[in-house]
Engineer: 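Here it is, the structure, as structure tokens.
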Amino acid sequence: MSLRMLKTHPARPCAVLVGVQLPGVSDAEHTADLAELARLVKTLGYDAVATVSQRREGLASGTVLGTGKLKELAQLTGGSGVIASGAQDRTSKARERWESADASLEEPEEPEEPEEEEAAPPAEDAPGEVAQRPTVVVVDHELSPSQLRNLEKATGAQVLDRTGVIVDIFHRHARSHEARMQVEIARLNYLAPRLRESTGGRERQQGRGAGDSAVELDRRKIRDRLAELREGLAAIQKDQDQRRYARRDQLRVALVGYTNAGKSSLMRALTGSEVLVADQLFATLDTTVRALQPESRPRVLVSDTVGFIKKLPHDLVASFRSTLDEALEASLLLYVVDASDPTWDAQLEVTRTVLREIGADAVPSQLLFNKVDRLDEAAQEALRSRHPEALLLSAHRPEDVGLLRERILRAFATSMVDADLVIPYASQSRISEVYENTTVLSEAFDESGRKLRVRGLPAAIARLTQAFGT
Ligand SMILES: Nc1nc2c(ncn2[C@@H]2O[C@H](COP(=O)(O)OP(=O)(O)OP(=O)(O)O)[C@@H](O)[C@H]2O)c(=O)[nH]1
Ligand SMILES: [Mg+2]
């Protein structure tokens, strides 16, 4: 177990992070998970001022933590440390007995005092800086509605779970109409079961009578809203499908990867577009599509996509399906990895898993180790020998981006074919279509029209041949 108090920042709400180290999870993984949770919480605008973690066999107990550990947590937040007796049922008493047994079993392998002292708060806090009592508890696992309610009772603080944090970040960062609707769907799906629990409790406390009609009403409202959102989304997506259909035979690459890997930075560098780049998790929620610059012949379209994260709630994956369809339809996927992150290989595995789930693992791909400007030569050499097929680069170095551009064009060159097109003189005004979609190798004129020898993707050539009736 570890209990750490860090220096507080008076302007932002404070949060305590709670993690359970399950069997099979190494210390390093557990530490990395909590560090990631701290970044998520920071993105949401809270300061993570303390961490409470415990090794446990599972997450099934009523409060996730053992009784002793729960008391420690409650001391930080100013709560009672117990679930109010009225709310405790027979099973939770039994559970409590089990938990205290569990906690005492764990004591020997988890010396508490030394770690606490190791990370004690700096005594010399700046004058005027008050150590704030944390008002939020963030648990690094998905909680059941009753676990959430029990923890709120015991800590007296607002309790969020990992999924709740991610859903909130998505909610704040969604910009486009489509992303907003997708996030609202995920949010309502997340809130609906929890709403039932908490509203039910309140109703009973207020003695508003039998049954849960108010809850039923709320749930019906949510169902109606979900139906409305799904309908709206279907209309937008139809529109997008059409746009995607129009791009179907163009060369397309999609930047995919873990959140914060540098996808948007590469998007900017490759296309000169002004997409948002930020040192936050889930800065990008909308897919942007832009042409590779300087423009190539045929034109290559690059798309920037939403990032992935460990334990990404399934609802969110589903609601971002259309964003990810962009990846599915690309002819080349650029897997962007933050090589300076010590957990990059676990992050790459998450990316591969999500893409496998949506069926995009068959799309040809190129592995990119980004941010190598932060690595020394030895670390870069280690990456090269482990992944000889990968490209090491920094989105901040134009010469590296130039090499990536070449690599992309080379990947497409292999799937292109040569063909002859004849553009009748009557259709000369549409000649730009040919130039955008193919490389024109030679040109000649005769009585039938302009004769072109071109190189392009088979689908593009088939479409042009049909369009010009040649
Ligand atoms: N040192 C260094 N920093 C980089 C590099 N590429 C990106 N960054 C930084 O990493 C942070 C995240 O970059 P983004 O491009 O926003 O990452 P992203 O993958 O689009 O992230 P999400 O949209 O949140 O999924 C920003 O602070 C960038 O400035 C790089 O090659 N070197
Ligand atoms: Mg981004």
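In listed order, ligands and their atoms are each counted from 1. Worth saying up front: this structure is predicted, and the values here are computed from it rather than measured.
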Engineer: Closer than 3.5 angstrom, by distance alone: can the side chain of Glu231 be matched with the main-chain N or O of Glu228 as a donor-acceptor pair?
Structural biologist: no

Engineer: Give a yes/no answer: is there an N/O/S atom of Ser265 under 2.8 Å from the Mg ion (ligand 2)?
Structural biologist: no

Engineer: Which ligand 1 atoms are under 4.0 Å away from a heavy-atom of Phe282?
Structural biologist: 24 (O)

Engineer: Look at Asp361 together with Arg352 and state whether they make a salt bridge at an N to O cut-off of under 4.0 Å.
Structural biologist: no

Engineer: Is there a nitrogen or oxygen of Leu393 sitting under 3.5 Å from a nitrogen or oxygen of ligand 1?
Structural biologist: no

Engineer: Could you say whether the N/O atoms of Asp304 and ligand 1 ever approach to under 3.5 Å?
Structural biologist: no

Engineer: Regarding Lys263 and Asp304, does a basic nitrogen lie under 4.0 Å from an acidic carboxylate oxygen?
Structural biologist: no

Engineer: Please could you name the atoms of ligand 1 that Thr259 approaches to less than 4.0 Å, counting only its heavy atoms?
Structural biologist: 22 (P), 24 (O), 25 (O)

Engineer: Give the residue and atom name of whichever protein heavy atom lies nearest to atom 24 (O) of ligand 1, and the separation in Å to one decimal.
Structural biologist: Ala283 N, 2.7 Å

Engineer: Any idea which atoms of ligand 1 are less than 4.0 Å away from a heavy-atom of Ser394?
Structural biologist: 30 (C), 31 (O), 32 (N)

Engineer: Measure from the Mg ion (ligand 2) to each N, O or S atom of Ser264 and report whether any distance is below 2.8 Å.
Structural biologist: yes

Engineer: Is any side-chain heavy atom of Leu65 closer than 4.5 Å to a side-chain heavy atom of Val18?
Structural biologist: yes

Engineer: Going from CG on Asp373 to CD on Gln380, what distance comes out if it is rounded to the nearest 0.5 angstrom?
Structural biologist: 8.5 Å

Engineer: Can you tell whether the side chains of Glu329 and Arg252 come within less than 4.0 Å, N to carboxylate O?
Structural biologist: yes

Engineer: Taking 4.0 angstrom as the limit and counting only heavy atoms of Asp373, give me the atoms of ligand 1 inside it, by number and element.
Structural biologist: 1 (N), 2 (C), 30 (C), 31 (O), 32 (N)

Engineer: Taking only Lys NZ, Arg NE, NH1 and NH2, and the carboxylate oxygens of Asp or Glu, determine whether Arg356 and Glu349 approach each other closer than 4.0 Å.
Structural biologist: yes

Engineer: Find all atoms of ligand 1 within a distance of less than 4.0 Å from any non-hydrogen atom belonging to Ser264, and give their numbers and elements.
Structural biologist: 15 (O), 18 (P), 20 (O)

Engineer: Starting from atom 31 (O) of ligand 1, which protein heavy atom do you reach first, and at what distance in Å?
Structural biologist: Ala395 N, 2.9 Å

Engineer: Within this structure, what is the CD-CG distance for the pair Glu381 and Asp376, rounded to the nearest 0.5 Å?
Structural biologist: 11.0 Å

Engineer: Does the pair Arg175/Asp286 count as a salt bridge with the N-to-O cut at 4.0 Å?
Structural biologist: no

Engineer: Where is the nearest protein heavy atom to atom 27 (O) of ligand 1: which residue, which atom, and how far?
Structural biologist: Asp279 CB, 3.4 Å

Engineer: Any idea which protein heavy atom is nearest atom 8 (N) of ligand 1, and the distance to it?
Structural biologist: Lys371 CE, 3.6 Å

Engineer: Hey, is Glu178 close enough to Arg180 for a salt bridge, meaning N to O under 4.0 Å?
Structural biologist: no

Engineer: Do the side chains of Glu433 and Arg430 get close enough for a salt bridge, i.e. N-O under 4.0 angstrom?
Structural biologist: yes

Engineer: Ring centroid separation for Phe369 and Trp344, is it under 6.0 angstrom?
Structural biologist: yes

Engineer: Only heavy atoms count here, so choose which of Gly307, Ser265, Ser340 is nearest to atom 14 (P) of ligand 1.
Structural biologist: Ser265

Engineer: Can you tell whether the side chains of Asp400 and Arg407 come within less than 4.0 Å, N to carboxylate O?
Structural biologist: no

Engineer: With a 4.0 Å cut-off, would you call Glu142 and Lys311 a salt bridge?
Structural biologist: no

Engineer: Which atoms of ligand 1 have any heavy atom of Asn260 under 4.0 Å away?
Structural biologist: 11 (C), 12 (C), 17 (O), 18 (P), 19 (O), 21 (O), 22 (P), 24 (O), 25 (O)

Engineer: Indicate yes or no: does an N/O atom of Leu276 lie under 3.5 Å from an N/O atom of ligand 1?
Structural biologist: no

Engineer: Does any N or O of ligand 1 fall below 3.5 Å from an N or O anywhere on Val306, backbone included?
Structural biologist: no

Engineer: For atom 3 (N) of ligand 1, which protein heavy atom lies nearest, and how many Å away is it?
Structural biologist: His396 CE1, 3.3 Å

Engineer: Could you say whether the N/O atoms of Leu281 and ligand 1 ever approach to under 3.5 Å?
Structural biologist: no

Engineer: At less than 4.0 angstrom from any non-hydrogen atom of Gln280, what atoms of ligand 1 do you find?
Structural biologist: 24 (O)

Engineer: Tell me which protein heavy atom sits closest to atom 16 (O) of ligand 1, plus the residue, atom name and distance to 0.1 Å.
Structural biologist: Ala278 N, 3.1 Å

Engineer: Considering only protein heavy atoms, which is closest to atom 6 (N) of ligand 1, and at what distance to one decimal place?
Structural biologist: Asn370 ND2, 3.2 Å

Engineer: Out of Val277, Leu375, Val256, Val275, indicate the one that has the non-hydrogen atom closest to atom 28 (C) of ligand 1.
Structural biologist: Val277

Engineer: Which atoms of ligand 1 have any heavy atom of Gly262 under 4.0 Å away?
Structural biologist: 7 (C), 13 (O), 14 (P), 15 (O), 17 (O), 18 (P), 19 (O)

